[in-house]
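Heads up: the structure comes next, in structure tokens.
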There are 2 protein chains.
Amino acid sequence: MSFIPLLPGSLSGPPAERSDAARNRERLLGAARELIAECGADALTMDRLAERAGVGKGTVFRRFGSRAGLMMTLLSDSEAAFQSRFMFGPPPLGPGAPGLERLVAFGAERIAYVMEHGDLARAAEASAHSRYEVPAAMLWQRHIEHLLREEGMDADPLLMAMSLTATLDPDRLLHAVRVQGLTPERLTDSWRELVTRVVRGP
Amino acid sequence: MSFIPLLPGSLSGPPAERSDAARNRERLLGAARELIAECGADALTMDRLAERAGVGKGTVFRRFGSRAGLMMTLLSDSEAAFQSRFMFGPPPLGPGAPGLERLVAFGAERIAYVMEHGDLARAAEASAHSRYEVPAAMLWQRHIEHLLREEGMDADPLLMAMSLTATLDPDRLLHAVRVQGLTPERLTDSWRELVTRVVRGP
DNA sequence: ATAATAATCGGACTACGGTCCGTTTAGTCC
DNA sequence: GGACTAAACGGACCGTAGTCCGATTATTAT
């Protein structure tokens, strides 16, 4: 018998997850990916998901809280990868390059990210209350603010970061590309112009 | 008998509105204003509105198409006033002032507008499909684009206008003020900084 | 006035996100 | 193994936006 639990057991974290709960979470994530592959993220309803996964509707909501929460869970891997790239990865996205170059790279990567995971990202932030309190969104904004300060931005970096973040909103970007027919390259070029002008004061 | 109809009759416009339809539209608008005055725009549901106005639910939707359409109708007066102010009114908002000053004034007025009609504006653009194809929003964006060109903006004025428009999104502005506790003055100052930097290239 | 017609009306109906609560079951302690 | 407890389960239920279609009514021509 071991007195010391060998791995994530009862050490201060949430009291672990019951086995049936874990099993159902996997089932649900699998079913969600299937449905999205078949019909797209927009067509995924919580009822269909529950049916496909063979669980009750209540279970879906207990696991993910809301439709947006489910979408965030589905995105969490690529989201975490993105975060670690701009926080710890190689320049110009990661630390080591000048702030302006990092800002440009950040926008470019973010636009590419939205082009790839667009519908999911949109669905993930389409929550009724507060699309702006999603931890990921707050992190991006603080990151932009940090880079602005690093570049000597004197005029209210918080609000400048907010404006720049608004430019990268998935909903807007997807509309620009899918409805207006603009190319991602053009969006990226415009982002470069924008941040350059904002950083270099008038 | 008169061969020529004396007023808005059958002259090319929509074939006029039946009297009961007009009466019901007035009833509905009145009831909507009452409900909003009592409980706020967010608490206005189409069922309650129909009940208060004493009409069927179908009538509400035939008149306004959707909840967002109703909100747009409620806003149309102040919206039209705003539009004519920045298109034909006195400087610095209207023509006569330099483009940059007009841009600054536009943002300031828009922020004030959102502070006053915020919930309505948010509800009006919260339509499922395409919040960006609302005629009013497209007009603002083209106006900003026009002012940018006037100031000699060389770098993709259309997308720069899109970014600036994103900054003025009612949802974001309301969140900044009501949740984050920022003051409208601070938003206005930041807008001034932003457009100044964007217009004066690097 | 009457009939014909086309628009309007009303409310039952659907789809969806989200909640609630009585029932079941996994983990634990004896 | 058996009893106990807290968590998980499931699906009935709710509120809401939006649709549909048979019944109604304003309007116009005769």
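So that the names make sense, note that chain A is the first sequence line, chain B the second, and so on, each numbered from 1. Treat the numbers as computed from the prediction; the structure is a model and nothing was measured.
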Gap between atoms CG and P, on B:Leu49 and D:dG15 respectively (whole Å) | 18 Å
Tabulate atom names and distances for all N/O pairs under 3.5 angstrom spanning the protein and nucleotides 28-30 of chain C.
none

Under the side chain to side chain donor-acceptor pair (under 3.5 Å) rule, collect the residues that match up with A:Arg186, sequence neighbours excluded.
-> B:Asp156
Does B:Arg67 have any salt bridge (Lys or Arg N to Asp or Glu O under 4.0 Å) partners at least two apart in sequence or in another chain, and if so, which?
-> none
Once base and sugar-phosphate atoms are separated, protein heavy atoms under 4.0 Å mark nucleotides 8-17 of chain C, 5' to 3', with B, S and - as SBBB----SB
Which pairs with one or both residues in residues 148-193 of chain A pass ring pair (Phe, Tyr, Trp, His ring centres under 6.0 Å), sequence neighbours excluded?
-> A:His175-B:Tyr132
Charged N to carboxylate O under 4.0 angstrom, B:Arg52 versus B:Glu38?
-> yes
So the side chain to side chain donor-acceptor pair (under 3.5 Å) pairs with at least one residue in residues 83-106 of chain A (sequence neighbours excluded) are A:Glu79-A:Gln83, A:Arg85-A:Glu109
Partner set under salt bridge (Lys or Arg N to Asp or Glu O under 4.0 Å) for B:Arg192, not counting sequence neighbours | B:Asp189
Would you be so kind as to tabulate the donor-acceptor pairs closer than 3.5 Å made by side chains of residues 115-126 of chain A, with sequence neighbours excluded?
residue: A:Asp119; atom: OD1; partner: A:Arg178; partner atom: NH2; Å: 2.6
residue: A:Asp119; atom: OD2; partner: A:Arg178; partner atom: NH2; Å: 3.4

Salt bridge (Lys or Arg N to Asp or Glu O under 4.0 Å) filter on A:Arg63, not counting sequence neighbours, yields A:Glu17
